[in-house]
Q: 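Have a look at this one.
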2 protein chains.
Amino acid sequence: MTTRGGSPTIVDVAREAGVSIKTVSRVLNHEPGVHESTRDQVLKVVEALRYRPKQSARSLAGGRSFLIGLLYYDPSALFVGSVQQGATLRCRELGYHLVVESLHNDAPDLRQQIDRMVMALRPDGMILTPPLCDNPEVLAALRESGTPCVLMSPERDIRGVPSVRMDDVHAAEEITNLLLSLGHRRIAFIKGPPDQSASAARFEGFTHALRSHDVELDPELVQPGAFTFQSGRDAAHQLLSRRQRPTAVFASNDDMALGVLAAAQRLGLSVPGELSVVGFDDSPTAALVWPPLTTVRQPVAEMARTAVEMLVFGHKADPNAPVDETELHKVLPHELVVRDSSTRAR
Amino acid sequence: MTTRGGSPTIVDVAREAGVSIKTVSRVLNHEPGVHESTRDQVLKVVEALRYRPKQSARSLAGGRSFLIGLLYYDPSALFVGSVQQGATLRCRELGYHLVVESLHNDAPDLRQQIDRMVMALRPDGMILTPPLCDNPEVLAALRESGTPCVLMSPERDIRGVPSVRMDDVHAAEEITNLLLSLGHRRIAFIKGPPDQSASAARFEGFTHALRSHDVELDPELVQPGAFTFQSGRDAAHQLLSRRQRPTAVFASNDDMALGVLAAAQRLGLSVPGELSVVGFDDSPTAALVWPPLTTVRQPVAEMARTAVEMLVFGHKADPNAPVDETELHKVLPHELVVRDSSTRAR
DNA sequence: CTGAAAGCGCTTACAG
DNA sequence: CTGAAAGCGCTTACAG
């Protein structure tokens, strides 16, 4: 026996391997300057004893917690689920762990809640999802505590603060181009809520595509929306009861596109026969409804993986090195998902 | 200044308050036997210095990590989202933090993944969601590591292992009773997949309700399903094309009920006019579709809160005290959510 | 390439 | 009711 009860410690490994604990520590942390035979011997003992360094001891001595925090607001959002999925997997690969905290964006004690978590856990980094990543109070609390952050799809980038996002403008342009290439000219657009920057970005992509194809935008075909099923259905009712109906609708997210589908069905309009419908997000239901929805897939899990990497590898070099702002704000490629809800205009 | 840079430690507080660090520790851990004036003085200094004990130090010295682990499999499941929401809030209230880990139920290195997390973090407890809570390998790994667990809605309870659930049989019985009280007699049932115990439980509640109302069960009205939209639609197509249609359908989860709604719409059957439809789960879309779905709400967040409490307060008394099995397996009250998809039979 | 010492910031016995 | 000492299990300088 190498230890009286309990799990093995670094001392057990050192004794068994006939080296000092410092050498064991070196091997475990992949530090250079250890003879290969020594390293092998240590690793063999580590394996035999099933030794794993204790996070609390490493953290206390080394100042790194191997913890990444994920702050989020809306628990029902699929976005958060995907973020978490990507982040938790990448963390595991890198020997980190993910601590999650659900906050209210407008809680009076938001500041305190963040402080408590940061002071107690000392996470090595924090991932912020919308709308928390756009909340000045949250950002200030984290900055003051010196906790590195990565913002996921923030409204706008902040100088010096790392972020990951996709290109909403481009994606919206692409999906509009798809409709245009299918011969659609009367294309309606259902906007998102004005307080989300994605709304404006997607609309910009839409208008840009129209313009570059010399298609004039009919203001009557642009409807406000709120990124909800309900608002999509309502907007569609407006659009589809016009004397001159659109041949296609671009709902700027999937929930609204599903609302459009429901409205069309209720009005007896066949999709895509009489109306093409496209969405944005590639929500799980987008593939399940009838007809399956043409949409844009956000690389959310990949964005989260990238966020973890930025936090883990971020400040490796000297902190006074000039930061490259382009390296700080990553844009990940999206994907056009073409399904049955879009077809050639007749 | 009480400290050269960095954040304040227990030593700073002790010095400032004119007591020993042991006394500060006592106050912070709500230990009895501290004079009120001393306590007040310490708390005042704690407040002034904005002192928060460091988790890694507490963990290393005290053997408690103040971390609760949440192991889950399906990231898209709304269930997990609600679990997390409830757990993270209750953890905060109790001074704990939630570490999440997404696992594959059939990963070859599942065992290792769990061991690594447990050995590194030493969480004070672990919450397991389906299907992981029914995986013998997972349970064995955790038992051997001595990590207390709470199972959320496991297939079946295990002696000595705490669990939280709702009463599926009862809930299914209640919602069937609702249909019966509305005058329905030809009630169809769409089952869940046989490998999930909830499937059998809900069917049992259904048949029990029929029997106690002396309504004979027509085997033709029972269809298999897979808890998916698709399977619900398919089953409904079968059921609704019979020469003698049912007047109501009980789909044993909401996703399938949505499929029934879609099938009815396609067949030109009005719901609830010509067909009542009820589901189970109260998924977010259940309230958004037309007509809004009558269903059963699982108290998922509450179940998670209870799970956290069981872990935090669980082993307070001496561990050799006789465990009360009834106390170990909690059943939380569900809620019948009556909306517009169910109405009187005509 | 390797190690002995000090220390991270708390809690756990143990005294008084 | 309060405190001095030891120790949890690692890593960080610092030597050699």
Side-chain angles (χ1 to χ4, degrees), chain A residues 2-43 45-46 49-67 95 118-122 124, chain B residues 2-43 45-46 49-67 95 118-122 124:
Chain A
T2 55
T3 168
R4 19 27 9 160
S7 26
T9 72
I10 197 172
V11 177
D12 299 318
V13 176
R15 184 181 342 99
E16 202 77 3
V19 297
S20 73
I21 62 167
K22 175 64 213 176
T23 294
V24 176
S25 174
R26 280 195 184 95
V27 172
L28 259 28
N29 290 296
H30 308 100
E31 285 174 34
V34 180
H35 196 90
E36 203 179 305
S37 62
T38 314
R39 175 181 306 277
D40 289 350
Q41 170 63 8
V42 169
L43 286 176
V45 176
V46 164
L49 263 44
R50 313 191 76 221
Y51 167 72
R52 304 283 168 207
K54 207 162 162 175
Q55 178 265 341
S56 55
R58 295 183 86 180
S59 179
L60 184 57
R64 294 196 299 165
S65 66
F66 297 92
L67 255 27
V118 169
M119 303 276 289
L121 258 30
R122 312 291 164 115
D124 293 337
Chain B
T2 56
T3 170
R4 25 4 36 152
S7 26
T9 72
I10 197 172
V11 176
D12 298 318
V13 177
R15 183 178 345 98
E16 201 77 1
V19 297
S20 72
I21 61 168
K22 175 63 211 174
T23 295
V24 176
S25 173
R26 280 195 184 95
V27 172
L28 259 28
N29 290 296
H30 307 101
E31 285 174 35
V34 179
H35 196 91
E36 203 179 305
S37 63
T38 313
R39 176 181 305 277
D40 288 349
Q41 170 65 7
V42 169
L43 286 175
V45 175
V46 164
L49 262 44
R50 312 190 77 219
Y51 167 72
R52 303 282 170 209
K54 208 162 160 175
Q55 177 266 340
S56 55
R58 295 182 84 180
S59 178
L60 184 57
R64 293 196 301 166
S65 66
F66 297 93
L67 254 28
V118 169
M119 303 275 290
L121 257 31
R122 312 292 165 115
D124 294 337

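In what follows, every chain begins at residue 1, and chains take the letters A, B, ... in the order their sequences are listed.
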Q: Are any of B:S25's side-chain N or O atoms less than 4.0 Å away from OP1 or OP2 of C:dC10?
A: no

Q: In whole angstroms, how far is the P atom of C:dG3 from the CD1 atom of A:I10?
A: 12 Å

Q: What is the distance, to the nearest angstrom, from the CZ atom on B:F66 to the C1' atom on C:dT11?
A: 10 Å

Q: Please determine, for the side chain of B:A61, which listed nucleotide (C:dC8, C:dC10, D:dT11) has the closest atom?
A: C:dC10

Q: Nearest to the side chain of B:P53, which nucleotide is it out of D:dG9, C:dC10, D:dC10?
A: C:dC10

Q: Nearest-Å distance, CD1 (A:I21) to C1' (D:dA13)?
A: 14 Å

Q: Would you kindly compare B:V19 and B:R122 by the position of their nearest DNA chain D nucleotide and give the one closer to the 5′ end?
A: B:V19

Q: Between D:dT11 atom P and A:H30 atom NE2, what is the distance in whole Å?
A: 12 Å

Q: Rounded to whole angstrom units, what separation is found between the CZ atom of B:R58 and the C1' atom of C:dC8?
A: 16 Å

Q: Looking for any heavy atom pair under 4.0 Å, which part of the strands does A:R26 touch: base, sugar-phosphate only, or nothing?
A: base

Q: Reading DNA chain D from 5' onward, which residue's closest nucleotide shows up sooner: A:L28 or B:P32?
A: B:P32

Q: Is a side-chain N or O of A:S65 found less than 3.5 angstrom from the main chain of A:R122, in a donor-acceptor match?
A: yes

Q: Could you tell me the separation between the CG atom of B:L60 and the P atom of C:dT12, rounded to a whole number of Å?
A: 12 Å

Q: Does A:S20 make a side-chain N or O approach to OP1 or OP2 of C:dT2 shorter than 4.0 Å?
A: no

Q: Taking A:D124 for the side chain and A:F66 for the main chain, is one N or O donor matched with an acceptor at less than 3.5 Å?
A: yes

Q: Using a 4.0 Å heavy-atom cut-off across all strands, classify A:K22 as base, sugar-phosphate, or nothing.
A: base

Q: At less than 4.0 Å, is any side-chain N or O atom of B:T23 found next to OP1 or OP2 of D:dT2? Yes or no.
A: no

Q: Test your reading of the model: is there a side-chain donor-acceptor pair from A:D12 to the backbone of A:T9, 3.5 Å cut-off?
A: yes

Q: Between C1' on C:dT11 and CD on B:Q55, what's the gap in Å once rounded to a whole number?
A: 14 Å

Q: Could you tell me whether the side chain of B:Y51 reaches within less than 4.5 Å of the side chain of B:I10, counting heavy atoms only?
A: yes

Q: From CD of B:E31 over to C1' of D:dC1, roughly how many Å is that when rounded to an integer?
A: 13 Å

Q: Does D:dC1 have its OP1 or OP2 closer than 4.0 Å to a side-chain nitrogen or oxygen of B:T38?
A: no

Q: Please determine, for D:dT2, whether a Watson-Crick or G-U wobble partner exists with both distances under 3.5 Å, and give it or none.
A: C:dA15

Q: Test B:V13 against every option in B:L28, B:L43, B:V46 by the side chain to side chain contact (heavy atoms under 4.5 Å, CB included) rule and name the one that passes.
A: B:V46

